[in-house]
Number of protein chains: 4
Amino acid sequence: MSELETIQAYYAASLGKDGQITKTQRKILSAALALFAEKSYEEVGTREIADRAGVAEGTLFHNFTNKNGILKAIMQPIVQHILPMMLNTLDQATLDEDSQTLDMFIVSLVADRVAFVERNRASLEVILSQFFNNAEDRAAVLGMVSPEVLTQANQVMDRLKADGELVDWPNHMILQLLFSTLGGYLVEKVLYADLDVYDNQQTVHYLSDFLVNGLSPRRMPLQVD
Amino acid sequence: MSELETIQAYYAASLGKDGQITKTQRKILSAALALFAEKSYEEVGTREIADRAGVAEGTLFHNFTNKNGILKAIMQPIVQHILPMMLNTLDQATLDEDSQTLDMFIVSLVADRVAFVERNRASLEVILSQFFNNAEDRAAVLGMVSPEVLTQANQVMDRLKADGELVDWPNHMILQLLFSTLGGYLVEKVLYADLDVYDNQQTVHYLSDFLVNGLSPRRMPLQVD
Amino acid sequence: MSELETIQAYYAASLGKDGQITKTQRKILSAALALFAEKSYEEVGTREIADRAGVAEGTLFHNFTNKNGILKAIMQPIVQHILPMMLNTLDQATLDEDSQTLDMFIVSLVADRVAFVERNRASLEVILSQFFNNAEDRAAVLGMVSPEVLTQANQVMDRLKADGELVDWPNHMILQLLFSTLGGYLVEKVLYADLDVYDNQQTVHYLSDFLVNGLSPRRMPLQVD
Amino acid sequence: MSELETIQAYYAASLGKDGQITKTQRKILSAALALFAEKSYEEVGTREIADRAGVAEGTLFHNFTNKNGILKAIMQPIVQHILPMMLNTLDQATLDEDSQTLDMFIVSLVADRVAFVERNRASLEVILSQFFNNAEDRAAVLGMVSPEVLTQANQVMDRLKADGELVDWPNHMILQLLFSTLGGYLVEKVLYADLDVYDNQQTVHYLSDFLVNGLSPRRMPLQVD
DNA sequence: TATGAATGAGATTTCATTCAT
DNA sequence: GATGAATGAAATCTCATTCAT
């Protein structure tokens, strides 16, 4: 949970010489992030970004190579950290204790994700939009799932199955259901920032409980004809 | 399941005078659909559509008011039918029998959705992309959920809860989990058309079982601290 | 001498589908040629070309891929024909008669070149300018001298030397002197279109005579210390 | 031959207050000269010059009024000295002795030019390029030929003609042929710096011999029909 | 109905130049 | 004197749309 700082904190790493982000760059990124979240990347013009940031249009290109460079600077930190982070927790779970149950594993996983979404709504909205609109960006996001991490995830799932903690379905399907549940929460949160009906603790409870029950081993499998 | 025809079938209704769709219009819509699915709406030019359709650029504007009109013609039938359809099944479920269980309800719901996604991959890819990229289109899609339908859905859920068939969580959260699971499947299917690992029957089984178990009433709720 | 038509005649080959050059394209090329000759390629804007041609700026790009495409369309016919043409005459000279003298060879060579320059002053001005300013264009022009043609030229010179018609210097140097004399005439003509002091016949006489005497075998070589 | 120093030596005169050129200015001019020779004036940006010179972009404008000021500083010394120099030799020739022959006159003329080109290849490449690309710069170069010098040149030619040393053609044409031969050598040298086939002494011999024979009085004029 | 040349507003990007530090 | 971030005008090019044929 220590790694769940705000995305803004990562800007520094990808910009400026010594990890320093200048005031101007912050103004530009902030304006661009707001606009990209309001509309879409394609619908926002560089003029508009410059105006909102209170700088000249040329200044954008003095600080970023491209209009696309601005987008990258917004996405990069998330793309470079969100998935590793999500999968790092998996790692933790593996190492912690052999006797770990599905409960504990899923609860900690969900809690981290919920907190992260909560803190980075705007950036995630941009990423989400790009993910579905731009094949290249999609590839970038998905490319973060390294083979090793997948192997690790599979090991965790296999162990949980062997321990009788996890339903005996293909790992691929289990992952899909896990991502669906978290992704659905993300979408809800990102698109309806306004209506914050439930508090986070409640949300963590619902999502975790749903996943644990949905993925626990069955006594009697359901019959489909 | 009777309503699960291909989207293309709806084109006629939204075009031409008397529900007739001309050969030219079909060529254009078909080319545009393929291109919008390959890239994104913004990245596809009218020149490109005309080329692929084998007509002149001007012809596009004789048959559709706008470039956007082409997109609408592609989305409209889905947007006007998919959600009503999804909620119609809810309706069916309500009316059928009082003694219905969560099992039966969810299985039929999932089966219909899976079959529909299977048949309309390309169109759904376009809609999905637009949904996350264009606030207006998103509103259009979401606007389809009429208050009456929501009322209906709530009634079903309330009845299932009263019958001890459904976990006693807020209806809003239950719907979110339902849509997440189906949406996750949609995304997987739409983005990875290539890798068709599991057959549909299997998929219906996994999704349904996951939902039924996840949404069944608990004997002992999970503890979160 | 039959090939010395105006450059404009070659435009057709490099444009339009069936060798047809449209009215609009002619207007654009004509305006661009005039402007490129007045100023330089870099100093002429597309707006300016469009204005002078009496068309919209977009029309330029409807008819040519690039601003550079316009330049190419102006240069291409010359580059593709001028050097082959110049060297064709060499070919003629070789084939015509064995008994040919340096006199006859040079006179026909010079006469053709002079007529050609006379007719295509503006286009040649553009080419000349590009030749000295753009490495790529220079390569294009020089690339026209195919190895075969060089071989041919060398054969002619070797034969003339053997016949005692040509000074016994390296072929490379003889070619340089030939091109210098013709090139100097070209520059003079192109840069000072106004002052047409001498008529063409006179010019042909001076250049030819200078070359013949300069390149005839020596009785007594000049001493340099 | 005493005046054939390197162009760099003239920089001092046109810069700084008292003919002093600072270290920074030298760095800038050196970088700019290299770049202008590699590409063309228009294609080289101030950023690029600054980078190559190892100074800040702003420093360029502290030392030169303009980007164009840098170009001028490079060209000025040549333009202000090369032509005067070339014509000075004419002057020398005139004054030296009455009994001078065409031979001796041309040999000394050519030898000086060849040595000069040899030493100032890069600067001359820039000038050559500008000469054909920029009307203003061309005027500047040509403007250096003062009427007096022309008069002087004409006197030399007239005397040589009277002495039966020079062919009886218009002086204008004789000058053109002289410049063509030297200019052709310049172009060859400047554009193909790499392939240095012949040594200078040989080159001087060829060029001089060619000019002397080409410009000696004829016994029997060539017939053109 | 279909065509495709023409349009012109608008988008991104470059670049010489300024100026506060 | 030197710096380099900021500037904004101008340049090239794209693209949905119109309209005469």
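By convention in this document, chain letters (A, B, ...) are assigned in the order of the sequence lines, proteins followed by strands, and residues within each chain are numbered from 1.
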**Prompt:** For residues N133(D) and Y41(C), is any side-chain donor paired with an opposing acceptor at under 3.5 Å?
**Reply:** no
Would you kindly give the [atom1]-to-[atom2] distance between [X] and [N], to the nearest whole Å?
X      : N       : atom1 : atom2 : answer
I28(C) : dA6(E)  : CD1   : P     : 7 Å
I49(C) : dT12(F) : CD1   : P     : 8 Å
I21(B) : dT1(E)  : CD1   : C1'   : 16 Å
R47(A) : dG8(F)  : CZ    : P     : 11 Å
Q25(A) : dG4(F)  : CD    : C1'   : 13 Å
F61(C) : dG10(E) : CZ    : C1'   : 14 Å
K72(D) : dA16(E) : NZ    : P     : 16 Å
D51(C) : dA6(E)  : CG    : P     : 16 Å

Between [N] and [X], is there an OP1 or OP2 to side-chain N/O distance shorter than 4.0 Å?
X      : N       : value
T46(A) : dA11(E) : no
N63(C) : dA5(E)  : no
N66(C) : dT12(F) : no
N68(B) : dA16(F) : no
T24(D) : dA2(F)  : yes
T59(B) : dT3(E)  : yes

**Item:** Note, L29(B) side chain near I21(B) side chain (heavy atom, < 4.5 Å)
**Value:** yes
**Message:** D137(A) vs L71(A), test: side-chain contact (heavy atoms from CB on, under 4.5 Å). Steps then yes/no.
**Reply:** CA-CA 10 Å; D137(A) 286 340; L71(A) 178 64; 4.0 Å; yes
**Request:** By nearest nucleotide on DNA chain E, pick out whichever of L60(C) and Y41(A) is the more 5' one.
**Result:** L60(C)
**Prompt:** Who does dT21(F) pair with, Watson-Crick or G-U, both distances under 3.5 Å?
**Reply:** dA2(E)
**G-U wobble or Watson-Crick pairing nucleotide for dC13(F) (cut-off 3.5 Å, both distances)** = dG10(E)
**Complete:** Closest to the side chain of E57(B), out of dT3(F), dA16(F), dT17(E), is dA16(F)
**Prompt:** Which nucleotide, dT13(E), dT17(E), dA16(F), lies nearest any side-chain atom of K67(B)?
**Reply:** dA16(F)
**Asked** CD1/I78(C) to CD1/I127(C) distance, rounded to the nearest 0.5 angstrom?
**Response** 4.0 Å
**5' priority, DNA chain F, between G58(D) and T65(C) [closest heavy atom]** = G58(D)
**Message:** Taking the nucleotide of DNA chain F with the nearest heavy atom to each, does H62(B) or K23(A) sit closer to the 5' end?
**Reply:** K23(A)
**Message:** Students often get this wrong, so: under 4.0 angstrom with heavy atoms, is G45(C) touching a base, only sugar-phosphate, or nothing?
**Reply:** sugar-phosphate
**Request:** Of all the heavy-atom pairs spanning F64(D) and A73(D), show the shortest one and how long it is.
**Result:** CE2-CB, 3.9 Å
**Asked** Does a side-chain N-to-carboxylate-O contact under 4.0 Å join E48(B) and R52(B)?
**Response** no
